[in-house]
Amino acid sequence: MEDMTADSITLQMLQEARDTVTSSPLGVISTPLIPWRQTTLPSHLSCNIHLKLENMQRTGSFKIRGVANQFARQSKDGHFVTMSAGNYGKSFAYASKYYGTKGKVVMPETAPMSRSLLIQSFGIEVERVPTPCLMDLVNRCVQEDNMTFLHSYNDPDLIAGHASLGFEILEVIPNPDVVVVCCGGGGLLAGVAAAIKLSGCERTRIYGVEPEGACTMYKSFIEKKPVGMDSKSIASGLAPPFAGALPYALCQKYVEKVVLVTDEEIKSAVSTLYRAGLVVEPSGSAAFAAIVNDRIPDITDKNIVIILSGGNIGKDELMNFPD
């Protein structure tokens with residue numbers, strides 16, 4: 001993977017991955033893309049917005065797309081380790097149970113305990129550590145236990161699987177003006193951006209959205225190299241220890257800009273979506289928060305797509321959000 005560059009991610013590679021994802025025995029869904037005007041969401045915006053409902057995806061988030069492509073290219077008797085705050089771990093565990101493979105998920109201590117228990121319910125081992133220690137434990141598992149590391153965002157097969165979401169958008173809206181995508185390590189943003197741009201949508205502007213307290217890709221754009229930070233946010237799924245090198249390279253090539261939202265804006269977005277009947281977790285609400293808080297420029301009269309990337313939030317967590 002160290003040799004992978006942005007130019008090595010081709011349209012043919014992404015199209016092949018889309019075929020793998022859509023035919024996967026894991027049951028990946030082509031999720032709805034609905035017009036904002038067909039919801040009860042309030043709007044002060046003069047543009048045509050569509051919402052891509054990955055909160056309705058198998059396992060509750062977009063992550064199953066990348067996992068389906070990753071597992072299709074792995075030995076079915078493998079022993080795998082990964083790191084995840086929850087959503088990738090859930091999809092990883094779901095696939096491991098289906099294929100009968102052994103696995104372990106290394107999770108940050110900040111991840112909701114309910115997500116750890118859910119992953120364990122699939123028969124997968126979970127170990128929780130401080131965020132800066134995630135990769136140290138993964139490396140020990142690889143070196144001492146001979147496990148294979150499946151990266152939760154810095155992996156070409158994973159990114160290619162996530163690109164299937166970009167192709168689905170283009171099937172409904174062939175030339176969107178703006179696509180807004182949440183960003184943690186950058187796997188989803190990179191895959192969607194590559195699919196759209198390589199499909200010929202040169203004028204489409206693609207924006208990544210990160211929390212202010214977990215802005216590794218934003219800082220990477222400034223430093224012009226992938227960087228890490230001690231990430232802290234209510235959107236734990238968008239708080240990796242570092243930006244992925246391959247996602248960073250793809251985002252540099254295809255993404256217009258990375259913008260930031262506050263945790264309070266994310267909380268408000270979760271509540272607003274919930275009142276409209278859409279159950280979306282904090283990480284999945286970041287792109288929506290960016291739009292309603294005017295972080296995305298020049299959208300008047302434009303065709304906009306917002307990806308609601310996941311809906312894995314429990315009743316206990318929802319109680320912490322404003323009415």
Side-chain angles (χ1 to χ4, degrees), residues 26 28 54-68 70-71 80-97 103-135 137-138 149-155 158 161-162 181-189 209-211 213-214 216 231-242 244 263 266-267 269-270 273 279-287 307-321:
L26 299 179
V28 180
E54 283 295 289
N55 57 315
M56 298 178 65
Q57 183 57 264
R58 185 82 59 190
T59 72
S61 82
F62 73 92
K63 296 286 191 179
I64 193 67
R65 296 175 181 273
V67 166
Q70 278 183 316
F71 271 76
F80 305 112
V81 62
T82 193
M83 61 176 183
S84 169
N87 281 348
Y88 178 85
K90 182 179 179 182
S91 294
F92 172 93
Y94 178 83
S96 296
K97 183 175 182 180
K104 177 175 182 174
V105 178
V106 179
M107 300 187 71
E109 292 176 335
T110 52
M113 183 59 70
S114 59
R115 298 192 182 186
S116 298
L117 296 173
L118 179 61
I119 291 168
Q120 289 173 322
S121 74
F122 287 97
I124 295 296
E125 181 185 357
V126 171
E127 187 166 348
R128 296 168 64 93
V129 297
T131 297
C133 302
L134 289 169
M135 278 305 303
L137 180 53
V138 167
F149 178 34
L150 294 186
H151 208 296
S152 54
Y153 54 90
N154 192 36
D155 178 87
L158 180 94
H162 292 337
V181 191
C182 68
C183 181
L188 175 64
L189 178 59
V209 184
E210 290 185 310
T216 55
S231 298
K232 291 182 175 66
S233 173
I234 190 171
S236 58
L238 303 183
F242 54 86
D263 273 9
I266 291 173
K267 287 181 183 180
V270 171
L273 289 163
V279 179
V280 187
E281 66 192 81
S283 298
S285 304
I307 298 175
L308 304 181
S309 61
N312 287 312
I313 183 170
K315 292 180 181 178
D316 55 333
E317 294 175 76
L318 281 169
M319 292 177 65
N320 297 321
F321 292 85

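What you see below is based on every heavy atom in this structure, not just the backbone, and it leaves out hydrogens, waters and symmetry mates.
- Side-chain atoms of S84 come within 3.5 Å of backbone atoms of G89 as a donor-acceptor pair (strictly under, hydrogens ignored).
- Remark: E127 engages K104 in a salt bridge (charged side-chain N to carboxylate O under 4.0 Å, His left out) (not counting sequence neighbours).
- Rounded to the nearest 0.5 angstrom, M113 CE and L118 CG are separated by 13.0 Å.
- Looking at heavy atoms from C-beta onward, V181 lies out of side-chain contact with V209 at the 4.5 angstrom threshold.
- For S91 (side chain) and V67 (main-chain N/O), no donor-acceptor pair under 3.5 Å exists by modelled atom type.
- Ionic pairing of R65 and E54 is present here: one or more N-O contacts between side-chain nitrogen and carboxylate oxygen are shorter than 4.0 angstrom.
- Proximity of D263 to P211: side-chain heavy atoms (C-beta onward) are separated by under 4.5 Å at one or more points.
- Closest approach of S114 to E317, counting heavy atoms only: OG-OE2, 3.8 Å.
- The ring of F71 has its center closer than 6.0 angstrom to the ring center of F80.
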Report task. Applying side-chain contact (heavy atoms from CB on, under 4.5 Å), run through Y88 and M83 and close with a yes or a no. Result -> CA-CA 8 Å; Y88 178 85; M83 61 176 183; over 6 Å; no

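- Atoms OG1 and CG, from T59 and L26 in turn, are 9.0 Å apart once rounded to the nearest 0.5 Å.
- In this structure the side chain of L150 never reaches within 4.5 angstrom of the side chain of D155, judged on heavy atoms.
- In this structure the side chain of V270 reaches within 4.5 angstrom of the side chain of L318, judged on heavy atoms.
- Counting all heavy atoms, side chain and backbone alike, K63 lies closest to S152 at NZ-O, 3.8 Å.
- Closest heavy-atom contact between G244 and Y153: N-CE1, 3.4 Å.
- Looking at every heavy atom in both residues, T131 comes nearest to A239 through CG2-O, 4.4 Å.
- Put simply, the side chain of P130 reaches to within 4.5 Å of the side chain of C133, judged on heavy atoms.
- Annotation: side chain to side chain contact (heavy atoms under 4.5 Å, CB included) contacts of S283 (sequence neighbours excluded): A235, L238, E281.
- Remark: the backbone N or O of V280 is not paired with any side-chain donor or acceptor of N55 at under 3.5 angstrom.
- With S231 contributing its side chain and P240 its backbone, the two residues share a donor-acceptor pair below 3.5 Å.
- Atom CZ of F149 sits about 5.5 Å away from atom OG1 of T82, to the nearest 0.5 Å.
- Interatomic distance, I119 CD1 to R115 CZ, rounded to the nearest 0.5 Å: 9.0 Å.
- Annotation: M56, atom CE; neighbour count of heavy atoms from other residues, nucleotides and ligands within 6.0 Å does not exceed 12.
- Residues P282 and I313 meet the side-chain proximity criterion, which asks for heavy atoms closer than 4.5 Å.
- Considering NZ of K90 and OG of S116, their distance stands at 13.0 Å, rounded to 0.5 Å.
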Query raised in the report: What do the steps show when you test L158 against H151 for side-chain contact (heavy atoms from CB on, under 4.5 Å), and what is the final call?
Result: CA-CA 8 Å; L158 180 94; H151 208 296; over 6 Å; no

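- With rounding to the nearest 0.5 Å, the separation of SG in C183 from CG in L188 is 8.5 Å.
- Q70 places none of its side-chain heavy atoms less than 4.5 Å from the side chain of F92.
- The minimum heavy-atom distance between I124 and S96, with the atom names listed, is CD1-CB, 3.6 Å.
- Formation of a donor-acceptor pair under 3.5 Å by the H162 side chain with backbone atoms of G187 is not found in this model.
- At a threshold of 4.5 Å between non-hydrogen side-chain atoms, the residues R128 and P108 do not count as touching.
- Shown here for S309 and G284, the closest heavy-atom pair between the two residues is OG-CA, 3.2 Å.
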